[in-house]
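What follows is a short report on a single structure.
When a ligand or atom number is given, it counts from 1 through the structure's own listing order. All heavy atoms count here, side chains included; hydrogens, waters and symmetry mates do not.
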Amino acid sequence: MAESPSPAGFRTGASASSDPERPGFGSIQLAVVIPTLNERENVGPMFAGLDKALAGIAWEAIFVDDDSPDGTAVAVRELGQRDPRARILQRVGRRGLSSACIEGILSTAAPFVAVSDGDMQHDETVLPRMLALAQTGRFDIVIGSRNIEGGSMGDFAANRVWLSNMGSRISNFVCKCRVSDPMSGYFLVTQEFFQSVARRLTGTGFKILVDLLASAERPVRVAEVPYHFRARRMGVSKLEVNVELEYLFLLVDKFAGGVIPTRFVVFVLVGSLGFVLHMAVLAALHFESRASFAAAQTIATFTAMTFNFLLNNAVTFRDRQLRGWRMLHGLLVFYAACSLGALVNVSFADFLLKAGLAWYLAGICGLAITSVWNYAVNTVLTWRRDRPV
Ligand code: GDD
Ligand code: MN
């Protein structure tokens, strides 16, 4: 069948064309990108499942493995020796589901790329339907959805269903379209659309689909195909608390439009919480005990600073988290930096007031300069990047 290349040069014809002069050199239609972290036992069954489901389609599987200690990459290489459709992209010293998917998609010549978990939770038998929809040329992304007629969350734990639903609702604020299951890790994207957003992707965390939907400049053309979420075949889930934090980072990044550094926005958010805590402690001590105001203010200040330090250590600078003695040292540096910051704040606001600025504007400017000061100094001194991550 004759195929016309699309404007971007990708072959998007309905069937795989093979060159009769060079047997075996058919053009790949579909790549299945499978991010893996300790999924050795699942590699074989995963590949066999795809082989069965994708009969008649020219496909390849790209396992993007973050150097799993269980030897997942070794298992994929063994498979690749027998069947060249099994490819490995092994990343050393790297981590992250989203970035793994992105690099997997970028590594293939296929015009259509599906992303699927490597634990058999995503029903591979719906892939031909997803591909057929994408091949009509009417869609940029075809999403496997658990939340429409014909799909389900399966035996997913109640708290995970709740989390997933919360995440979906929040994602509506940043996505350029409505979808029923933006938390899905199962979708198929055209290489053409992917190329158009690739440079704007945030690439952190688990939520690659939200990232894709939020990074487009025009409304995304989306189709949804239902599927039943299965139970994990072997091994354990890698989704932990920090995944939710990474999701927060992704949302902040999409909201701030890349103009303000995400980390700074989170730092200011943490600071605002510290301010609320400060006022609460101050009020409690002031009204409930006979402590002097100065004592109450001192306790409130240190409570808020300590709280801010711990939260920044756990969230804002999670990738450079301090532990043990380094944490104590960091706390002291943080106290010092913030105290200096307060001094800068007061003297700057005072200077502006004397220069004729209204008191509230002077106050706001003082706060703003302290936020930047605290952020800059603590980034360099407290959570300095002194070892490779
Ligand atoms: N390369 C790489 N690097 N792969 C990873 C990493 C990583 O840092 N973390 C996880 N993976 C792989 C796992 O090996 C698995 O194949 C897939 O990514 C999904 O990870 P799971 O640990 O199985 O995630 P889950 O089942 O808890 O979460 C799934 O459902 C969520 C929906 O509620 C995933 O599909 C999520 O993407 C999805 O949001
Ligand atoms: Mn899973």
Side-chain angles (χ1 to χ4, degrees), residues 32-47 49-50 61-73 75-76 87-107 114-124 143-147 151-171 175 179-188 203-213 227-248 250-251 318-319 389:
V32 184
V33 169
I34 305 161
T36 55
L37 197 59
N38 293 332
E39 306 285 3
R40 186 184 183 122
E41 302 297 323
N42 293 324
V43 166
M46 210 34 228
F47 194 79
L50 289 173
I62 301 158
F63 291 85
V64 188
D65 183 59
D66 285 353
D67 212 14
S68 303
D70 78 344
T72 305
V76 178
R87 287 181 45 201
I88 176 78
L89 198 164
Q90 185 178 358
R91 307 195 306 169
V92 176
R94 306 271 307 281
R95 266 293 163 85
L97 180 52
S98 275
S99 62
C101 296
I102 292 170
E103 285 163 40
I105 298 171
L106 291 174
S107 79
V115 171
S116 167
D117 285 0
D119 54 8
M120 309 218 62
Q121 287 196 276
H122 294 157
D123 181 0
E124 68 284 352
I143 302 173
S145 172
R146 300 162 293 187
N147 298 332
S152 76
M153 289 276 186
D155 296 330
F156 217 24
N159 64 328
R160 285 295 304 272
V161 174
W162 184 87
L163 260 179
S164 184
N165 289 340
M166 274 298 289
S168 298
R169 242 169 261 147
I170 301 170
S171 74
C175 292
V179 296
S180 67
D181 193 1
M183 298 294 106
S184 173
Y186 193 28
F187 61 90
L188 189 152
T204 53
F206 253 49
K207 306 305 171 194
I208 171 75
L209 183 56
V210 175
D211 202 356
L212 276 176
L213 295 174
Y227 79 97
H228 297 285
F229 199 48
R230 294 192 293 225
R232 171 174 260 285
R233 189 181 164 273
M234 291 291 265
V236 290
S237 166
K238 283 88 198 173
L239 201 144
E240 304 155 357
V241 191
N242 65 38
V243 164
E244 304 310 320
L245 293 179
E246 280 170 348
Y247 186 45
L248 170 82
L250 172 65
L251 292 173
R318 199 183 58 76
D319 55 330
V389 222

Using atom types as modelled and distance alone, determine if a side-chain donor or acceptor of [X] lies under 3.5 Å from a backbone N or O of [Y].
| X | Y | value |
| --- | --- | --- |
| Ser184 | Ser145 | no |
| Thr36 | Phe63 | no |
| Tyr186 | Asp123 | yes |
| Gln121 | Arg230 | yes |

Does Asp66 pair with Arg91 as a salt bridge, N-O distance under 4.0 Å?
->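 Salt bridge between Asp66 and Arg91, a charged N being under 4.0 Å from a carboxylate O: yes.
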
Can you sort out which atoms of ligand 1 are near [X], meaning under 4.0 Å from one of its heavy atoms?
| X | result |
| --- | --- |
| Gly96 | 3 (N), 7 (C), 8 (O) |
| Val64 | 1 (N) |
| Gln121 | 23 (O), 26 (O) |
| His122 | 35 (O) |
| Asp119 | 23 (O) |

Before signing off on this row, confirm whether [X] and ligand 1 have an N or O atom pair separated by under 3.5 Å.
| X | answer |
| --- | --- |
| Asp65 | no |
| Glu39 | yes |
| Phe229 | no |
| Ala100 | no |
| Arg95 | no |
| Arg91 | no |

Residue-ligand contact Arg146/ligand 1, heavy atom below 4.0 Å =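 It does; at least one heavy atom falls under 4.0 Å.
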
Give the minimum heavy-atom separation between Leu89 and Glu103, together with the two atoms involved.
->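 Smallest interatomic distance, heavy atoms only, reads CD1-O, 3.8 Å.
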
Which atom names give the shortest non-hydrogen contact between Phe187 and Leu212, and what distance separates them?
-> CE1-CD1, 3.5 Å

What's within reach of the Mn ion (ligand 2), meaning protein N/O/S atoms under 2.8 Å?
->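 Protein N/O/S atoms under 2.8 Å of the Mn ion (ligand 2): Asp119 OD2, Gln121 OE1.
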
For ligand 1, indicate whether the residue Ile208 contacts it via side chain, backbone, both or neither (heavy-atom separation under 4.0 Å).
->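 Neither part.
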
Identity of the nearest option to atom 9 (N) of ligand 1, non-hydrogen atoms only, from Leu37, Leu89, Asn42 = Leu37

From atom 37 (O) of ligand 1, work out which of Pro35, Gly185, Gly144 has a heavy atom at the shortest distance.
->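 It is Gly185 that holds the nearest heavy atom.
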
Taking only residues two or more places apart in sequence or in another chain, which ones pass side chain to side chain donor-acceptor pair (under 3.5 Å) with Asp117?
->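 None.
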
Partner set under side chain to side chain donor-acceptor pair (under 3.5 Å) for Asn38, not counting sequence neighbours = none

Looking at residues at least two apart in the chain, or sitting in another chain, which of them share a salt bridge (Lys or Arg N to Asp or Glu O under 4.0 Å) with Arg87?
->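 In terms of salt bridge (Lys or Arg N to Asp or Glu O under 4.0 Å), with neighbours along the sequence ignored, Arg87 is linked to Glu60.
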
Identified side-chain contact (heavy atoms from CB on, under 4.5 Å) counterpart of Asp65 within the set Ile88, Ile34, Val92, Val76 |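 Exactly one pass, corresponding to Ile88.
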
Taking atom CZ of Arg40 and atom OG of Ser68, what is their separation to the nearest 0.5 Å?
-> 10.5 Å

Fit a plane to each ring of Tyr227 and His122, take the angle between them on a 0 to 90° scale, and name the class: parallel (under 30°), tilted (30 to 60°) or perpendicular (over 60°).
->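 Plane angle over 60°, so perpendicular.
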
